[in-house]
Protein chains: 2
Amino acid sequence: MNQSAETNEKLTAKRGRPSISAEKRETTRARITSVARTLFQQDGYANVSVRRIAKEIGCAPMTLYSYYDAKIDILRSLWGDVFAGLLEELKPVSNVSDHEAIYKMGLVYVDYWLRHPEEYRLVFMAKGVTQSQVNVFLDNPEILSGYEIITEAISAIAPNDDAETLKTKLDFFLSALHGIAHNHITMSGYPWCSPEEQIKYAVMAISSENEAEGS
Amino acid sequence: MNQSAETNEKLTAKRGRPSISAEKRETTRARITSVARTLFQQDGYANVSVRRIAKEIGCAPMTLYSYYDAKIDILRSLWGDVFAGLLEELKPVSNVSDHEAIYKMGLVYVDYWLRHPEEYRLVFMAKGVTQSQVNVFLDNPEILSGYEIITEAISAIAPNDDAETLKTKLDFFLSALHGIAHNHITMSGYPWCSPEEQIKYAVMAISSENEAEGS
DNA sequence: TTATTTTAATATACGCGTATATTTTATCAA
DNA sequence: TTGATAAAATATACGCGTATATTAAAATAA
């Protein structure tokens with residue numbers, strides 16, 4: 001049997017340089033995005049070249065293309081990480097569905113960006129990115145799932161709303177949350193009312209219609 | 001006096017190659033945008049290189065930089081031409097201020113894009129343009145003036161609206177008009193209701209609030 | 001007519017992202 | 001141990017937009 005196992009090994013053994021392991025591949029990808037993130041946040045996406053990233057890592061520029069399809073994909077991966085972190089913080093407050101939960105989601109959402117202003121800039125303020133490059137990123141179901149959590153919570157308190165109305169409420173809610181986050185991040189010197197207070201209005205706005213409809 | 005004139009000429013005469021005349025300069029700029037427009041509409045902005053435009057014109061690539069600061073400025077100039085044409089058609093229907101005038105402006109606005117679908121694609125669907133490149137274009141007062149005409153007409157039928165409300169109505173009205181134009185241009189195979197009919201709803205939407213407020 | 005000057009036009013070069021070609025490395029077969 | 005093989009990594013090349021250097025053209029001064 002041992003000899004059979006050996007024979008099996010020999011039958012399946014492949015000549016040539018073996019592929020790197022999935023683990024090694026992910027380690028390298030993480031190294032690339034880590035270095036790129038630092039440089040992008042420091043100098044801006046457009047001002048950081050592939051050659052510069054490679055030099056910082058200590059490999060050839062074309063090596064990066066073994067791990068990412070294009071320069072923009074390194075940025076998209078960073079965006080994915082940022083949204084994964086956001087989703088991770090949204091989930092724990094999404095298991096309840098009432099106004100309070102929506103308020104808490106709003107809090108978590110805004111607080112996330114306030115605690116990660118550099119990530120906010122990386123995602124929403126990157127220079128040198130075209131609209132179609134962003135769209136490819138947004139086509140990823142994982143990215144949209146975070147917004148679906150909020151939609152589900154809004155749906156729970158307005159069960160009679162059709163899909164279009166829910167989409168409008170979600171879009172408004174997110175617009176308001178982004179406005180709050182954006183103002184605090186980009187014009188931090190201005191004495192804004194606290195996010196806690198402002199988010200209450202956002203929740204009220206998407207709740208009052210429900211109440212009006214219910215009347 | 002003749003001698004004085006000669007002396008004046010001599011005093012103001014300048015050695016060296018004279019600058020090209022303003023007329024010649026504009027002629028060349030028009031030639032550049034004309035050739036570029038054809039190529040951009042045929043192959044898309046991103047797929048048309050500066051070298052290719054120059055070759056079509058019969059000059060060196062760097063010659064183009066004597067007439068435009070950058071490749072994107074050739075496109076911006078084309079956008080400006082398109083909006084100038086639109087403005088030219090909007091003005092005649094803007095001298096009256098009532099619902100009918102707003103409706104007619106809507107008709108003119110949508111009809112303009114339907115008659116110039118290639119221009120529509122050039123302005124709103126150019127690939128390879130970043131958001132900041134578009135923003136520089138929009139900062140031009142001449143571009144915004146076309147929208148101000150519509151704002152003024154809306155203001156005339158809702159004199160009590162504050163600036164923010166007017167801006168919201170304008171934005172909605174333009175969103176609706178663009179939606180109508182966009183659908184007809186990009187999904188022309190679908191049997192859309194006529195723009196004439198759809199625009200009525202857009203006008204109603206920004207009028208009904210006024211009536212509600214007036215009640 | 002030639003020299004000088006100034007501008008227009010062109011030539012060359014650069015760094016960019018990435019396509020393609022080549023070399024290096026890590027394995028197995030003989 | 002050497003040869004063969006296949007993947008990883010690197011080297012080279014390409015066209016891009018545009019910065020910089022150089023040449024050509026058109027004028028005036030001498």
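Order of the sequence lines fixes the chain letters, A, B, ..., with proteins taken first and strands second; residue numbering starts at 1 for each chain.
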Check your understanding: So do A:His184 and A:Trp113 actually touch side chain to side chain, heavy atoms under 4.5 Å?
Key -> no
Review point. Roughly how far apart are A:Gln131 CD and B:Lys127 NZ, rounded to 0.5 Å?
Key: 10.5 Å
Exercise for review: Let me know the distance between NZ of A:Lys55 and P of D:dT10, rounded to the nearest Å.
Suggested key: 15 Å
Check your understanding: Starting at CG of A:Asp73 and ending at C1' of C:dT18, how long is that distance when rounded to a whole Å?
Key -> 13 Å
Exercise for review: Let me know the distance between OH of B:Tyr65 and P of C:dT7, rounded to the nearest Å.
Suggested key: 23 Å
**Study point:** Length of the CG-C1' vector between B:Leu75 and D:dG17, whole Å
**Key:** 15 Å
Review point. With a 4.0 Å cut-off, would you call A:Glu89 and A:Arg115 a salt bridge?
Key: yes
Review point. With a distance cut-off below 6.0 Å to the six-membered ring centre and an angular limit of 45° from the axis, does B:Lys71 pair with B:Tyr45 as a cation-pi contact?
Key: yes
Check your understanding: For B:Tyr68 and D:dT18, what is the distance between atoms OH and C1' respectively, to the nearest whole Å?
Key -> 17 Å
Review point. How many Å lie between CZ on A:Arg29 and C1' on D:dA8, as a whole number?
Key: 16 Å
Review point. Less than 4.5 Å apart, any side-chain heavy atom of B:Val134 and any of B:Thr130?
Key: no
Exercise for review: Using a cut-off of 6.0 Å, state whether more than 12 heavy atoms not belonging to B:Glu196 lie near its atom CD.
Suggested key: yes
Revision key, fill the gap. Whole-Å distance, B:Lys24 NZ to D:dA25 C1', equals 13 Å
Point to revise | For atom CD1 of B:Ile53 and atom C1' of C:dA9, their distance in whole Å | key: 17 Å
Revision key, fill the gap. Comparing nearest nucleotides in DNA chain D, the 5'-proximal residue of the pair A:Ser66, B:Ala70 is A:Ser66
Check your understanding: Hey, is CD on B:Gln42 packed in by over 12 heavy atoms from elsewhere, all under 6.0 Å?
Key -> yes
Review point. Is the backbone of B:Asn183 close enough, under 3.5 Å, to the side chain of B:Trp192 for a donor and an acceptor to pair up by distance?
Key: yes
Review point. Which is it for A:Tyr109 and A:His178 under the side chain to side chain donor-acceptor pair (under 3.5 Å) test, yes or no, and what are the steps along the way?
Key: CA-CA 9 Å; A:Tyr109 192 90; A:His178 269 282; 2.7 Å; yes
Exercise for review: Could you go through the side chain to side chain donor-acceptor pair (under 3.5 Å) check for B:Asp171 and B:Thr168 one step at a time?
Suggested key: CA-CA 5 Å; B:Asp171 288 356; B:Thr168 302; over 6 Å; no
N/O-N/O pairs, protein side and nucleotides 21-24 of chain D side, under 3.5 Å:
none

Check your understanding: When the aromatic ring centroids of A:Tyr120 and A:His182 are compared, is their separation below 6.0 Å?
Key -> yes
Review item, nucleotides 1-4 of chain C N/O atoms under 3.5 Å of protein N/O:
residue	atom	partner	partner atom	Å
C:dT4	O4'	B:Arg15	NH2	3.4

Point to revise | Global bending angle along the helix from C:dT1-D:dA30 to C:dA30-D:dT1, which compares the axes of five pairs at either end, to 10 degrees | key: 50°
Study note, to complete from the structure: Contacts of A:Asp69 meeting side-chain contact (heavy atoms from CB on, under 4.5 Å) (sequence neighbours excluded), chain-then-number -> A:Asp73
**Study point:** side chain to side chain donor-acceptor pair (under 3.5 Å) against B:Lys55, all qualifying residues, sequence neighbours excluded
**Key:** none
Practice item. State whether the number of non-hydrogen atoms from other residues, nucleotides or ligands found under 6.0 Å of B:Tyr201 atom OH is greater than 12. Key: no
Review point. Quick one: is D:dA9 close enough that its OP1 or OP2 comes under 4.0 Å of any side-chain N or O from A:Tyr67?
Key: yes
Show each protein N/O and nucleotides 11-16 of chain D N/O combination with a separation under 3.5 Å, one pair to a line.
residue	atom	partner	partner atom	Å
D:dC16	OP1	B:Ser49	OG	3.3

Review point. At under 4.0 Å between heavy atoms, what does B:Thr63 touch on the DNA or RNA strands: base, sugar-phosphate, or nothing?
Key: base
Exercise for review: Name the residue closer to the 5' end of DNA chain C, choosing between B:Gly58 and B:Ser19 according to the nucleotide with the nearest heavy atom.
Suggested key: B:Ser19
